[in-house]
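Below: the structure, in structure tokens.
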Protein chains: 2
Amino acid sequence: MRDPERTRGRILSAGFDYVYRQGFRATSVSEIVAAAGVTEGAFFHYFPSKNDLGYALADEVLREMMLDRWIRPLAAYGNPIKGMTVRYRKLMEATTDEELSLGCPLNNLTQEMSSVDPVFSDKLRGVLLEWIKETERYLKKAQADGYMNPEVDPRRTAEFLVMMEEGSAAIVKSLGGRKTYLSMYEGFRSYLDSISTRREKTGSRP
Amino acid sequence: MRDPERTRGRILSAGFDYVYRQGFRATSVSEIVAAAGVTEGAFFHYFPSKNDLGYALADEVLREMMLDRWIRPLAAYGNPIKGMTVRYRKLMEATTDEELSLGCPLNNLTQEMSSVDPVFSDKLRGVLLEWIKETERYLKKAQADGYMNPEVDPRRTAEFLVMMEEGSAAIVKSLGGRKTYLSMYEGFRSYLDSISTRREKTGSRP
DNA sequence: CCTGTAACATAGCGGTCGCTATGTGCCGAT
DNA sequence: ATCGGCACATAGCGACCGCTATGTTACAGG
């Protein structure tokens with residue numbers, strides 16, 4: 001019956017759901033524990049304060065989500081540039097309408113909390129930096145394998161790519177339509193093409 | 001002594017400052033009225049509810065700010081594409097460190113409120129749509145005057161450009177450094193170059 | 001000068017929130 | 001077998017928040 005890991009996991013999971021939908025400060029501890037099927041006593045047993053739940057969300061949930069969505073899929077492609085294009089399209093197709101209107105969870109929490117709590121800021125910046133660093137790693141690999149223009153700076157390009165990935169989620173959230181996402185995809189692909197050395201059009205109609 | 005317009009303006013202005021720094025829901029009416037030098041009675045005399053202040057912020061303050069920063073400067077350039085590049089760099093230089101760490105006010109409020117209140121969503125989307133529409137107008141002008149590749153879709157390109165403008169503010173807010181902004185500028189310029197017909201490098205060192 | 005109304009000011013209510021103080025029961029170690 | 005501590009549950013406190021009910025004052029119109 002007693003299962004600490006599971007209990008903590010349920011709180012974390014319910015916490016993510018509510019924070020994703022309503023924002024961190026708009027979500028009350030009572031809502032989270034009700035959804036998780038535990039009491040407030042359990043909550044404050046695992047997290048000294050509500051903020052500490054947010055920190056755990058960043059460290060554990062958001063980081064893992066970012067890697068799963070944006071980094072790990074790239075391992076399957078020989079050409080990272082093409083991999084990024086294909087992955088972006090696949091992600092676009094796999095995202096539900098609800099997720100489209102909710103935006104990127106990492107970006108949401110960052111916009112809400114980073115300028116108001118330095119601990120949030122540090123942890124969320126950490127996730128973003130890892131995202132950029134892993135992207136940069138694949139860009140360097142692309143350069144080493146001759147898939148990418150060797151003159152472009154991989155770090156700056158990685159920052160720009162991640163910006164587009166987060167930015168498109170933000171604008172789609174606001175405009176709320178899959179059609180807008182297509183415009184973002186076109187621009188994303190066109191930019192990747194412009195730094196690619198291969199002239200294979202990565203996404204043109206057959 | 002009695003000056004209704006001024007009083008309302010002071011509330012609106014103080015409201016903007018606090019909402020920009022802390023977010024909408026984290027800002028209390030008492031904070032706003034204290035900063036504006038009025039009482040809560042005055043506040044609720046002009047705004048039936050706290051949300052109505054937010055609506056006025058979107059309709060009046062944020063819309064005007066967007067036009068001033070992103071649209072009106074473009075009128076000074078014969079070549080809109082070059083205008084966008086130069087304007088972006090000027091904006092980057094004119095932005096203070098504090099503003100850099102606070103991000104784009106429109107994006108902040110959108111991320112916080114649009115998925116939780118449909119009226120906010122409508123009004124903020126309206127500002128964003130106007131931003132895109134005006135950008136599209138200048139892109140069409142650029143095409144008509146032969147400055148831009150006539151094959152690219154101006155609407156989609158406008159959406160993509162606004163996404164980059166908002167996205168770069170978001171990522172700079174999170175990473176917090178002027179150096180990151182430079183990466184965004186490089187990417188922005190490189191994309192604009194790729195849709196330009198003129199081969200004049202718009203931002204190279206003299 | 002009078003008066004009605006717009007332009008504010010004051011006090012307080014009902015509700016929620018984060019958090020804590022204080023329990024209680026299970027379960028492994030001795 | 002017991003016993004200490006971990007894993008929760010319950011109740012409630014103090015603070016704050018949005019909002020309202022009820023004034024009070026300045027000023028324009030007659």
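Chain A is the first sequence line, chain B the second, and so forth, proteins listed ahead of strands; every chain is numbered from 1.
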Interatomic distance, A:Leu53 CG vs C:dC19 P [rounded to whole Å]:
11 Å
B:Trp70: which of B:Met84, B:Arg87, B:Met65 passes side chain to side chain contact (heavy atoms under 4.5 Å, CB included)
B:Arg87
In this structure, is the centre-to-centre distance between the rings of A:Tyr181 and A:Tyr185 below 6.0 Å?
no
Output the residues of residues 10-24 of chain A in contact with DNA chain D, where contact means a heavy atom of the residue under 4.0 Å from an atom of the strand; sort by number or write none.
none
May I ask you to check whether B:Phe24 and B:Phe120 place their ring centres under 6.0 Å from each other?
yes
For B:Asp117 and B:Asn51, does a side-chain donor sit closer than 3.5 Å to a side-chain acceptor?
yes
Contact check, residues 109-120 of chain B vs DNA chain C, heavy-atom distance under 4.0 Å, returns none
Are OP1 or OP2 of C:dC8 and a side-chain N or O of B:Thr7 less than 4.0 angstrom apart?
yes
So, OP1 or OP2 of C:dT16: does either fall under 4.0 Å of a side-chain N or O from A:Ser28?
no
Going by the rule side-chain hydrogen bond (donor to acceptor under 3.5 Å, both in side chains), which residues pair with B:Gln111 if we only count those two or more places apart in sequence or in a different chain?
A:Lys173, B:Asn107
Residues that A:Asp52 engages under salt bridge (charged side-chain N to carboxylate O under 4.0 Å, His left out), provided they are two or more places apart
none
Take the protein atom CZ of B:Arg6 and the nucleotide atom P of C:dA6, then report the distance between them rounded to whole Å.
23 Å
Hits for side-chain hydrogen bond (donor to acceptor under 3.5 Å, both in side chains) against B:Glu5, two or more places apart or cross-chain, chain-then-number order -> none
For B:Glu64, give me all partners under salt bridge (charged side-chain N to carboxylate O under 4.0 Å, His left out), at least two apart in sequence or on another chain.
B:Arg72
Non-neighbouring partners of B:Thr39 that pass side-chain hydrogen bond (donor to acceptor under 3.5 Å, both in side chains), sequence neighbours left out:
none
A:Glu31: which residues meet the side-chain hydrogen bond (donor to acceptor under 3.5 Å, both in side chains) condition with it, sequence neighbours left out?
none
Heavy atom of residues 39-48 of chain A under 4.0 Å from DNA chain D: which residues?
A:Thr39, A:Gly41, A:Ala42, A:His45, A:Tyr46
Result for 5'-nearest mapping on DNA chain C, choosing between A:Arg25 and B:Arg8, is B:Arg8
Restricting to side-chain contact (heavy atoms from CB on, under 4.5 Å), what partner residues turn up for B:Arg25, sequence neighbours left out?
A:Ala26, B:Glu112, B:Met113, B:Val116
Looking at B:Ser194 and B:Tyr191, would you say the former's side chain and the latter's main chain have a donor-acceptor pair under 3.5 Å?
yes
Short of 4.0 Å, heavy atom to strand atom, which residues of residues 29-37 of chain B count as contacting DNA chain C?
none
Salt bridge (charged side-chain N to carboxylate O under 4.0 Å, His left out) involving A:Lys140 - partner list, sequence neighbours excluded
A:Glu136
B:Asn51 CG to D:dC19 C1', straight-line distance once rounded to whole Å:
12 Å
In whole angstrom, give the distance that lies between atom CG of B:Asp3 and atom P of D:dA28.
12 Å
